[in-house]
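Here is the structure we will look at.
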Amino acid sequence: MKRESVMGLQIVDTTYDELIFQIREDLENDRKRVIVAINPEKIMKIKGNPFLAGFVRKADYLIPDGVGILMASKKLGGHLQTKITGIDTMIRLCKMASVYGYKVFLLGGKSEVVHSAKLHLEERFQGIQIAGTQDGYHMEDVDLIQKINESGAQILFVALGSPKQEYWISENKDKLSVNIFQGVGGSFDVLGQYVKRAPVWMQDMGIEWLYRLLKNPSRIFRQMNLLRFYRLIRKEKKGRV
Ligand code: UDP
């Protein structure tokens, strides 16, 4: 699979179809793989968190999660064209799992959220086997490793927010018989219809952040990271000439 280096990260330069095909092959060959969505916010978090930086560098598929990364690639002389978002990758993996009979486990989110996300996926993809769920606020109440392993799940979506989900995956990956791990942040909230996604035209224009900000003005502090990101790209570009 082709990759392009963007700010020191090897981002996959591919299509959804090729990515899902490759992951199916990983499943068939019993490989362990970690998928991480890279967006401006994640890059800024990496800058201040050596653990996260190491985790991301070791991950198998760094996907360009939104137009912010495509823009960074372009500004830095790269050619990344296709965004591959975390939530759409999750949806496509679920579709593939329903067709080929792979089992899925959903970990994270509030109890009612993870439950709604499960119902949504079952309605959307006939025959999908959601082998288990666990909300992200009572994880200590159960033997989670045993629960996931006994479910027989091969694909695990972890929705604990970043970097909590990355810490969790890093700590538990080797104890689990799961093949595919993906940290999916707030995706269960969207699938369970607790949070609305920005309209497609806003996603395409790269202003999904504006939609989120209007819906939830307290995100302003998180979104300062976007400004810092653009400043970082400019610095990086200058450093090259
Ligand atoms: N969450 C959780 N347990 C925690 C903290 C957060 O399950 O201890 C869930 C939270 O309910 C939400 C998701 O993690 O569903 C975080 O979503 P957010 O949009 O903040 O994630 P991001 O992708 O921005 O990191």
Side-chain angles (χ1 to χ4, degrees), residues 6-7 9 11 35-53 55-56 59 62-75 80 82-91 106-117 120-121 135-139 157-170 181-236:
V6 180
M7 302 168 106
L9 298 175
I11 312 284
I35 306 165
V36 178
I38 302 295
N39 48 44
E41 201 178 350
K42 188 64 95 357
I43 291 196
M44 294 320 294
K45 276 186 189 162
I46 286 171
K47 295 277 163 208
N49 184 334
F51 158 80
L52 193 60
F55 178 87
V56 168
L62 303 184
I63 54 175
D65 179 45
V67 293
I69 296 300
L70 302 188
M71 196 210 69
S73 155
K74 196 168 166 196
K75 288 237 182 283
L80 274 186
T82 322
K83 68 174 176 175
I84 303 216
T85 68
I87 187 165
D88 288 317
T89 299
M90 176 186 171
I91 290 169
L106 306 179
L107 167 63
K110 294 193 182 123
S111 165
E112 63 276 18
V113 169
V114 66
H115 182 66
S116 300
H120 169 86
L121 290 169
D135 75 83
Y137 296 91
H138 302 92
M139 298 195 297
F157 297 109
V158 186
L160 299 172
S162 185
K164 198 168 181 184
Q165 61 201 22
E166 287 83 10
Y167 281 116
W168 193 90
I169 293 173
S170 165
F181 298 79
Q182 184 185 356
V184 292
S187 299
F188 295 175
D189 298 82
V190 176
L191 294 176
Q193 261 131 57
Y194 282 81
V195 170
K196 254 180 111 170
R197 215 175 159 186
V200 176
W201 67 268
M202 283 183 112
Q203 293 175 34
D204 288 345
M205 283 179 74
I207 52 172
E208 204 164 351
W209 61 270
L210 179 62
Y211 179 85
R212 293 208 189 120
L213 183 62
L214 292 172
K215 285 260 162 199
N216 185 0
S218 65
R219 284 182 76 102
I220 187 75
F221 296 107
R222 284 178 69 164
Q223 294 194 337
M224 294 306 276
N225 266 332
L226 271 177
L227 285 177
R228 292 191 193 107
F229 177 70
Y230 294 123
R231 239 184 276 142
L232 193 70
I233 298 175
R234 251 190 287 146
K235 232 165 96 191
E236 181 115 357

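- One finds the CG atom of L210 at 10.5 Å from the CG atom of L226 (value rounded to the nearest 0.5 Å).
- Here the shortest heavy-atom pairing between P40 and I69 reads N-CD1, 4.2 Å.
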Test side-chain contact (heavy atoms from CB on, under 4.5 Å) applied to F188 and K110, step by step: CA-CA 9 Å; F188 295 175; K110 294 193 182 123; over 6 Å; no
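- Within the 4.5 Å cutoff, the side chain of L9 has heavy atoms near those of the V56 side chain.
- Side chain of Q165 to backbone of G161: a donor-acceptor contact under 3.5 angstrom is found.
- Distance OG/S111 to OH/Y137: 11.0 Å, rounded to 0.5 Å.
- I43 has its side chain within reach of M7: a pair of non-hydrogen atoms, C-beta onward, lies under 4.5 Å apart.
- R228 CZ to I233 CD1: the interatomic distance, rounded to the nearest 0.5 Å, is 14.5 Å.
- K74 NZ: 12 or fewer foreign heavy atoms inside a 6.0 Å radius.
- Counting heavy atoms of neighbouring residues, nucleotides and ligands inside a 6.0 Å radius, atom NE2 of H115 does not exceed 12 of them.
- When all heavy atoms are compared, the tightest approach of A117 to L191 is CB-CB, 4.2 Å.
- In M205, the CE atom is not crowded: 12 or fewer heavy atoms of neighbouring residues, nucleotides or ligands sit closer than 6.0 Å.
- From Q182, atom CD reaches atom CD1 of I169 across 8.5 Å, with rounding to the nearest 0.5 Å.
- Salt bridge annotation for R197-D88: present, with a cationic side-chain nitrogen under 4.0 angstrom from a carboxylate oxygen.
- For E166, the side chain to side chain donor-acceptor pair (under 3.5 Å) partners are K42, S162, not counting sequence neighbours.
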From CA spacing to verdict: side-chain contact (heavy atoms from CB on, under 4.5 Å), F55, Y167: CA-CA 8 Å; F55 178 87; Y167 281 116; over 6 Å; no
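- Considering only heavy atoms from C-beta on, M90 comes within 4.5 Å of L121 through its side chain.
- Between G136 and L160 the shortest heavy-atom distance is CA-CD2, 3.8 Å.
- Across all non-hydrogen atoms, the minimal contact from E208 to A198 is CG-CB, 3.5 Å.
- Between I11 and L80, some side-chain heavy-atom pair lies under the 4.5 Å cut-off.
- Proximity of V158 to K164: side-chain heavy atoms (C-beta onward) are nowhere separated by under 4.5 Å.
- Of the possible donor and acceptor atoms, none in the side chain of E41 sits under 3.5 Å from a partner among the backbone N and O of N225.
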Chi angles and distances behind the side-chain contact (heavy atoms from CB on, under 4.5 Å) call for I63, I38: CA-CA 6 Å; I63 54 175; I38 302 295; over 6 Å; no
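- Salt-bridge check for K83 with D204: passed, with a basic side-chain N closer than 4.0 Å to an acidic carboxylate O.
- From R231, atom CZ reaches atom CE of M44 across 8.5 Å, with rounding to the nearest 0.5 Å.
- Donor-acceptor pairing under 3.5 Å is lacking for the side chains of R219 and N216.
- Annotation for L107 and D135: closest pair CD1-O, 4.3 Å, computed over non-hydrogen atoms.
- Atom-to-atom distance recorded for F157:CZ and F181:CZ is 12.0 Å, nearest 0.5 angstrom.
- Pairing each heavy atom of V67 with each of G206, the nearest pair is CG2-CA, 2.8 Å.
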